[in-house]
S.K.: 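Below is the structure I would like to discuss, written out as structure tokens.
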Amino acid sequence: MTSLTSLLKEVRACTLCTKHLPQGVRPVLQMHSSAKVLVVGQAPGRKVHESGIPFDDASGERLREWMGVTREVFYDPKQIAILPMGFCYPGTGKSGDLPPRPECAPAWREKLLQHLDQLEVTLVIGQYAMDYHLPEHKSSLTEIVKDWKSSWPKVIPLPHPSPRNNIWLKKNPWFEKEVVPKLRKRVSEALKG
């Protein structure tokens with residue numbers, strides 16, 4: 001197995017999707033082999049692409065609130081790994097950001113996941129992440145999140161924390177009442193473990 005340091009250098013130098021990325025290549029991820037929590041998002045947005053810091057936007061603020069962690073804990077790769085399905089900003093489509101590039105996950109995902117042998121819990125955010133990490137669930141995002149107990153305590157499916165998802169959160173108040181308190185407790189236990 002390639003060392004994690006070497007692998008991360010390769011990922012950060014990746015140019016597989018260059019011709020498809022209007023803003024250019026800039027892989028954004030965070031990882032250390034001792035991480036206890038894995039956050040799996042879709043792909044960086046424009047603001048994250050510019051800063052190079054995962055979840056450095058309103059989505060990240062809400063996600064950290066849901067998780068019950070500070071910025072310091074969230075951005076400590078020895079505690080929390082952040083591996084989106086696509087590492088680079090895919091650009092904008094008609095109704096928001098484009099999906100993660102399809103080349104990224106097959107090229108890097110399993111190689112990186114092999115290094116997370118201390119992992120206690122994986123937070124799977126959004127449909128693209130769910131399709132990969134919860135392939136047995138062939139339902140809508142809402143149905144998968146409602147069925148969160150079926151993959152508990154190792155995997156927790158979450159809606160995207162983006163402000164664009166406020167309508168979903170208003171239509172599904174059970175999520176913040178029932179799932180978020182359990183999520184906070186599970187993340188806290190994992191980080192202590």
Side-chain angles (χ1 to χ4, degrees), residues 4-14 16-17 21 23 25-90 97 99-101 103-134 151 154-163 165 180 183-184 186-193:
L4 181 56
T5 303
S6 297
L7 186 56
L8 288 171
K9 280 182 186 175
E10 285 182 54
V11 169
R12 290 186 174 117
C14 179
L16 278 175
C17 307
L21 300 172
Q23 304 297 318
V25 176
R26 186 174 194 178
V28 179
L29 65 152
Q30 168 180 300
M31 189 172 161
H32 189 278
S33 60
S34 67
K36 303 284 189 189
V37 177
L38 171 61
V39 175
V40 180
Q42 315 233 101
R46 182 190 47 76
K47 187 175 179 185
V48 169
H49 174 79
E50 291 169 1
S51 74
I53 301 169
F55 285 100
D56 186 27
D57 54 14
S59 297
E61 289 176 28
R62 179 177 276 162
L63 178 59
R64 288 186 291 277
E65 181 183 319
W66 286 351
M67 293 171 68
V69 298
T70 63
R71 281 184 68 87
E72 293 73 29
V73 169
F74 189 78
Y75 290 117
D76 178 355
K78 291 181 179 178
Q79 296 187 66
I80 298 177
I82 303 171
L83 298 177
M85 294 306 299
F87 298 142
C88 295
Y89 173 52
D97 292 343
R101 290 294 314 160
E103 301 88 347
C104 198
W108 301 113
R109 193 145 208 86
E110 288 306 317
K111 293 176 190 175
L112 289 164
L113 291 174
Q114 288 176 12
H115 289 276
L116 292 173
D117 55 4
Q118 304 296 311
L119 204 58
E120 296 279 331
V121 64
T122 301
L123 311 183
V124 181
I125 302 168
Q127 193 69 54
Y128 295 103
M130 288 177 193
D131 289 347
Y132 187 92
H133 285 272
L134 295 166
S151 54
K154 287 288 190 187
V155 179
I156 305 172
L158 302 173
H160 200 284
S162 168
N165 230 4
V180 169
L183 168 65
R184 282 187 185 136
R186 182 69 186 105
V187 168
S188 175
E189 290 169 353
L191 293 173
K192 288 177 186 167

S.K.: Are any non-hydrogen side-chain atoms of Ile82 and Val28 less than 4.5 angstrom apart?
M.R.: no
S.K.: For Leu134 and Pro157, which heavy atoms make the closest approach, and how far apart are they?
M.R.: CD1-CB, 3.9 Å
S.K.: Per the side-chain contact (heavy atoms from CB on, under 4.5 Å) rule, which among Ile156, Val40, Leu63 passes with Ile125?
M.R.: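 Running side-chain contact (heavy atoms from CB on, under 4.5 Å) over Ile156, Val40, Leu63 with Ile125 returns exactly one hit, Leu63.
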S.K.: Quick check on side-chain contact (heavy atoms from CB on, under 4.5 Å): which of Val73, Ile80, Leu116 does Val37 satisfy it with?
M.R.: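 It is Ile80, the one option of Val73, Ile80, Leu116 that forms the side-chain contact (heavy atoms from CB on, under 4.5 Å) with Val37.
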S.K.: Atom CG of Leu38 and atom CG of Leu113: how far apart are they, to the nearest 0.5 Å?
M.R.: 6.5 Å
S.K.: Run Arg101 and Cys88 through side-chain contact (heavy atoms from CB on, under 4.5 Å) and show every step you take.
M.R.: CA-CA 8 Å; Arg101 290 294 314 160; Cys88 295; over 6 Å; no
S.K.: Has Arg62 got a side-chain atom pairing as donor or acceptor with Ser162's backbone, closer than 3.5 angstrom?
M.R.: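 Pair found, side chain donor or acceptor close to backbone of Ser162.
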S.K.: For the backbone of His115 and the side chain of Ser33, can you confirm whether one donor and one acceptor N or O come within less than 3.5 Å of each other?
M.R.: no
S.K.: Is a side-chain N or O of Gln42 found less than 3.5 angstrom from the main chain of Tyr128, in a donor-acceptor match?
M.R.: yes
S.K.: Angle class for the His49/Tyr89 ring planes (parallel below 30°, perpendicular above 60°, tilted otherwise)?
M.R.: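 Because their plane-to-plane angle lies in the 30° to 60° range, the rings of His49 and Tyr89 count as tilted.
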S.K.: Determine yes or no for a side-chain-to-main-chain donor-acceptor pair under 3.5 angstrom, with Arg71 supplying the side chain and Arg64 the backbone.
M.R.: no
S.K.: Less than 4.5 Å apart, any side-chain heavy atom of Arg184 and any of Glu65?
M.R.: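 The answer is yes, as the side chains (C-beta and beyond) meet within the 4.5 Å cut-off.
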S.K.: Does the distance from a Lys or Arg side-chain N to an Asp or Glu carboxylate O, for Asp76 and Lys36, drop under 4.0 Å?
M.R.: no
S.K.: So do Gln114 and Leu7 actually touch side chain to side chain, heavy atoms under 4.5 Å?
M.R.: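 Not touching, per the 4.5 Å side-chain cut-off.
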S.K.: When you compare the side chain of His160 with that of Gln127, does any pair of heavy atoms fall below 4.5 Å?
M.R.: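 With C-beta onward as the side chain, the pair stays apart.
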S.K.: Counting only N and O atoms by type, is there a donor-acceptor contact under 3.5 Å from the side chain of Arg109 to the main-chain atoms of Leu83?
M.R.: yes
S.K.: I'd like to check Trp66 versus Pro159 (side-chain heavy atoms, cut-off strictly below 4.5 Å). Are they in contact?
M.R.: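 The answer is yes; the side chains approach within 4.5 Å.
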S.K.: Could you grab the distance from atom NE2 of His32 to atom CD of Gln79, nearest 0.5 Å is fine?
M.R.: 11.5 Å
S.K.: Set out, in order, the CA-CA distance, both residues' side-chain angles and the distance that settles side-chain contact (heavy atoms from CB on, under 4.5 Å) for Leu112 and Leu8, then state yes or no.
M.R.: CA-CA 8 Å; Leu112 289 164; Leu8 288 171; 4.0 Å; yes
S.K.: Indicate yes or no for a side-chain donor-acceptor contact from Glu10 to the backbone of Trp108 under 3.5 Å, with no hydrogens or angles considered.
M.R.: no
